[in-house]
Protein chains: 4
Amino acid sequence: MIGKIFSNNCPRRERRKEARPGELLAAALELFVEKGYAATRSEEVARRAGVSKGTLFLYFATKEELFKAVVRENIAGRFAEWNTEFETFEGSTPEMLRYALVMWWERIGKTPAAGITKLMMSEAVNFPELAAFYQQEVIEPGHELIRRILQRGVDRGEFRPMDMEHAIFAVLAPMIFLMSWKHSFGACVSSATLLDPERYLEQQAQILLHGLCSPDTAGKATSQGKT
Amino acid sequence: MIGKIFSNNCPRRERRKEARPGELLAAALELFVEKGYAATRSEEVARRAGVSKGTLFLYFATKEELFKAVVRENIAGRFAEWNTEFETFEGSTPEMLRYALVMWWERIGKTPAAGITKLMMSEAVNFPELAAFYQQEVIEPGHELIRRILQRGVDRGEFRPMDMEHAIFAVLAPMIFLMSWKHSFGACVSSATLLDPERYLEQQAQILLHGLCSPDTAGKATSQGKT
Amino acid sequence: MIGKIFSNNCPRRERRKEARPGELLAAALELFVEKGYAATRSEEVARRAGVSKGTLFLYFATKEELFKAVVRENIAGRFAEWNTEFETFEGSTPEMLRYALVMWWERIGKTPAAGITKLMMSEAVNFPELAAFYQQEVIEPGHELIRRILQRGVDRGEFRPMDMEHAIFAVLAPMIFLMSWKHSFGACVSSATLLDPERYLEQQAQILLHGLCSPDTAGKATSQGKT
Amino acid sequence: MIGKIFSNNCPRRERRKEARPGELLAAALELFVEKGYAATRSEEVARRAGVSKGTLFLYFATKEELFKAVVRENIAGRFAEWNTEFETFEGSTPEMLRYALVMWWERIGKTPAAGITKLMMSEAVNFPELAAFYQQEVIEPGHELIRRILQRGVDRGEFRPMDMEHAIFAVLAPMIFLMSWKHSFGACVSSATLLDPERYLEQQAQILLHGLCSPDTAGKATSQGKT
DNA sequence: AATGAATGAGGGTTCATTCAT
DNA sequence: GATGAATGAACCCTCATTCAT
């Protein structure tokens with residue numbers, strides 16, 4: 001009984017043991033995002049997780065495995081939740097689009113998870129298998145979600161007809177750009193900090209919806225586009 | 001006689017000597033873009049340039065210097081030329097914006113130089129000094145050019161007033177995105193090839209100018225934006 | 001039980017860990033003395049210490065650091081002990097001088113530490129920082145000790161007054177010479193082995209004290225010297 | 001005729017060509033003495049001699065050959081001349097000894113040739129063949145000359161009988177020491193410059209002849225020595 | 001003979017990975 | 001399981017040497 005109390009009250013070892021992989025993944029995420037795959041040393045990952053080098057390799061057979069695990073771990077399948085939000089959203093599609101960008105920033109863009117995308121893009125070529133996984137788990141569901149939003153707008157007559165597949169990239173690009181910028185120049189070149197993500201996204205929504213043209217000229221130029 | 005003069009002017013060794021740095025930079029560009037900075041072995045750069053390891057270091061003191069040279073080489077001051085084009089452009093600003101995107105794709109986006117930007121973004125954190133150089137030599141002139149285009153549009157009443165600094169990113173983002181995408185997933189995930197850069201840019205110009213909204217709704221929604 | 005305690009206190013790994021730096025320094029001392037700084041390969045140092053190349057760099061960050069450590073290790077502050085001996089010495093100063101030379105040979109000259117001085121003199125120009133260290137930690141205390149001996153002799157009327165600073169070198173020179181000789185020609189030219197260090201030092205003490213001249217002529221020639 | 005005048009007056013090419021090996025040896029001597037064998041780079045030798053790297057190897061097949069040539073070249077057989085001086089010297093042997101030390105300094109010690117001895121001692125172990133050559137060409141004749149001087153003193157009753165072979169080293173040591181010191185600490189540690197070679201040698205002669213002891217005590221202590 | 005571009009073996013150093021404790 | 005000392009393959013870079021010109 002008493003033994004049980006102790007083991008329940010103070011199972012630091014036990015709990016640590018179970019938490020280990022998570023702590024290692026967290027440390028690795030930070031470091032990979034901070035310095036890139038190659039420049040991250042396994043010893044430092046271990047140290048930051050508070051364990052020894054040997055322990056790291058107890059949980060992840062190789063650095064490559066660790067990297068893959070970090071990416072997989074941090075690509076939470078949020079799409080179920082988001083699809084639900086999409087289906088229950090009641091406002092206009094322009095509002096939905098604006099909402100999507102803002103929510104994305106809150107939930108992904110400003111979190112360390114954004115670093116993963118940047119990382120994934122930097123290393124895609126060296127980890128094609130991982131890139132394929134990412135494609136399947138993130139890119140495709142993401143595209144699908146954006147496609148549904150855009151289609152909703154078209155269906156409801158809020159958006160003009162469009163080349164859907166490329167329009168998806170029009171919505172995606174500001175997000176990708178923001179993650180890339182934040183985790184590259186944004187992290188080291190002072191003047192690059194001029195970019196305020198929230199204002200940028202707000203304005204981006206505006207432009208996506210209405211463009212840069214002043215209202216009176218908007219009609220005329222349209223005819224030129226191939227779209 | 002004349003033949004002799006020519007053959008004297010270009011003995012093989014000399015010609016190689018002058019060509020070497022260029023050949024090495026070309027090989028290095030390819031490999032850096034292909035595999036990233038760390039994963040590129042200097043010996044392979046040399047081999048791809050058709051020389052021995054030692055020769056590489058005859059022209060570039062360290063791998064880091066080689067990297068810097070590759071970056072510098074591939075961002076040659078195109079801005080002078082572009083500024084001139086800007087000043088002599090006679091059409092409307094929407095046309096100018098569309099033209100700028102198309103030309104950028106022709107001259108940079110689809111060339112290996114685009115890989116450099118991707119590379120630079122991946123390695124900025126590891127080479128802060130180089131990032132500062134890039135910021136100064138590429139980012140700032142680029143921003144300035146975009147700023148002048150947008151300002152021209154505003155001044156001529158073609159564009160509505162805007163938060164200029166963030167609007168610059170609105171124009172920049174599609175280009176950055178395209179380079180990042182092309183040199184990451186675009187290079188290894190088959191389905192990602194759905195993105196046709198030229199159509200994307202064309203459509204992007206269209207959206208930048210007029211947005212996604214159908215003409216009749218365009219006016220109403222505008223009021224919401226903070227911009 | 002007691003046996004267990006002992007075996008617990010000294011597990012093999014731990015013992016090695018503590019012994020490693022010493023083993024590496026010993027191996028490095030041998031090799032540096034044997035072949036000089038540049039000609040000594042770090043891998044060979046490691047091999048001679050019975051470890052792999054990587055292990056060497058676990059304990060000494062660079063070859064230069066290893067060299068410095070070897071030099072520092074082998075000039076341990078013997079001067080405290082020697083100064084004490086000096087202060088408690090009860091015989092005449094000529095006896096003291098003879099004793100100093102003999103003791104120096106026993107404790108330094110005939111040990112591998114002598115090779116360090118030879119090495120240091122060969123490499124001083126290439127490691128000015130280390131040379132300064134050596135100057136401060138070895139040369140100056142050594143000079144000071146010799147100075148005190150000579151001054152004692154002068155003060156007690158045993159030695160004639162002298163140009164002290166140069167006289168120091170008169171005492172030092174036989175020792176430096178002996179180390180240099182032993183670790184150069186003495187190590188490879190057979191006939192150079194004619195030099196018996198102990199007899200040489202004994203005779204050197206004799207000469208330092210009384211010169212080469214036969215007693216009756218000693219007085220006359222003295223007048224010429226500048227000293 | 002005129003042709004001859006020209007070729008005589010301005011045979012720069014011709015004269016250079018013949019002088020080449022000498023210029024290379026001079027440059028090599030300087031650099032070897034300055035930085036040691038290993039730290040001297042063949043390209044720098046060539047540059048200092050005003051020729052290209054290739055030319056150096058035209059005259060000396062390997063760096064090792066160059067080194068050997070430098071040593072051989074700079075070990076002028078001065079002993080014939082010195083033996084003559086010895087034979088025609090008319091003063092006392094103490095005067096001769098003093099004269100020998102002073103002359104040695106003038107003709108060798110203070111010239112770059114002294115650097116050779118220092119170099120030879122540093123590298124003896126790595127170039128045993130060269131050390132043997134040095135032993136034969138310099139050490140043995142040098143010993144022989146010193147031996148003759150000392151023997152002359154003994155024969156004429158100016159010096160007391162002595163252990164001749166070790167006494168030779170007593171005369172040699174100050175010279176060896178001076179060369180070693182000058183080309184090691186003397187070249188980089190400021191305080192080591194306290195040593196004034198000429199005063200040192202003068203005093204050394206004095207000590208060699210009469211020792212450090214004050215005249216009245218000289219007689220007593222003598223009995224102890226083994227010599 | 002002279003040049004200097006080119007070579008490539010070899011050395012110092014790093015770091016992912018192993019394994020005895 | 002956990003540790004951290006040990007390993008050694010692999011990398012960047014140097015520089016004596018070669019050789020086409």
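Throughout, a chain's letter reflects where its sequence line sits, starting with A, and its residues are numbered from 1. Reckoned from all heavy atoms, side chains included, excluding hydrogens, waters and symmetry mates.
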Any strand counts, and the cut-off is 3.5 Å on both contacts for Watson-Crick or G-U wobble. Which nucleotide pairs with F/dT21? E/dA2

Does any nucleotide pair with E/dT14 by Watson-Crick or G-U wobble geometry, both distances under 3.5 Å, and what is it?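 The answer is F/dA9, by the H-bond criterion.
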
Distance check, rounded to the nearest 0.5 Å: D/Ile116 atom CD1 versus D/Ile75 atom CD1?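 Separation between the atoms: 7.0 Å.
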
Once base and sugar-phosphate atoms are separated, protein heavy atoms under 4.0 Å mark nucleotides 8-15 of chain E, 5' to 3', with B, S and - as BBBSSBBS

Please state whether the rings of C/Phe127 and C/Phe67 are parallel, tilted or perpendicular, taking 30° and 60° as the class boundaries. tilted

Criterion side chain to side chain contact (heavy atoms under 4.5 Å, CB included) on D/Glu123 and D/Phe32, from CA distance to verdict: CA-CA 11 Å; D/Glu123 301 294 338; D/Phe32 282 140; over 6 Å; no

Quickly work out the [X] [atom1] to [N] [atom2] distance and round it to whole Å.
X       : N      : atom1 : atom2 : answer
A/Glu44 : F/dG4  : CD    : C1'   : 17 Å
D/Phe60 : F/dA16 : CZ    : P     : 15 Å
D/Leu66 : F/dC15 : CG    : P     : 16 Å
B/Leu56 : E/dA5  : CG    : P     : 15 Å

Under-4.0 Å side-chain N/O to phosphate OP1/OP2 contact, D/Tyr59 with E/dA2: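 D/Tyr59 to E/dA2 OP1/OP2: side-chain N or O found under 4.0 Å.
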
Short side-chain to backbone donor-acceptor contact, D/Thr55 and D/Val51, under 3.5 Å: no

Apply salt bridge (charged side-chain N to carboxylate O under 4.0 Å, His left out) to D/Arg48 and D/Glu34, showing your working. CA-CA 13 Å; D/Arg48 194 172 289 199; D/Glu34 222 170 83; 3.3 Å; yes

Consider only side-chain N and O atoms of B/Tyr37 and B/Ser122, and report whether a donor and an acceptor are under 3.5 Å apart. no

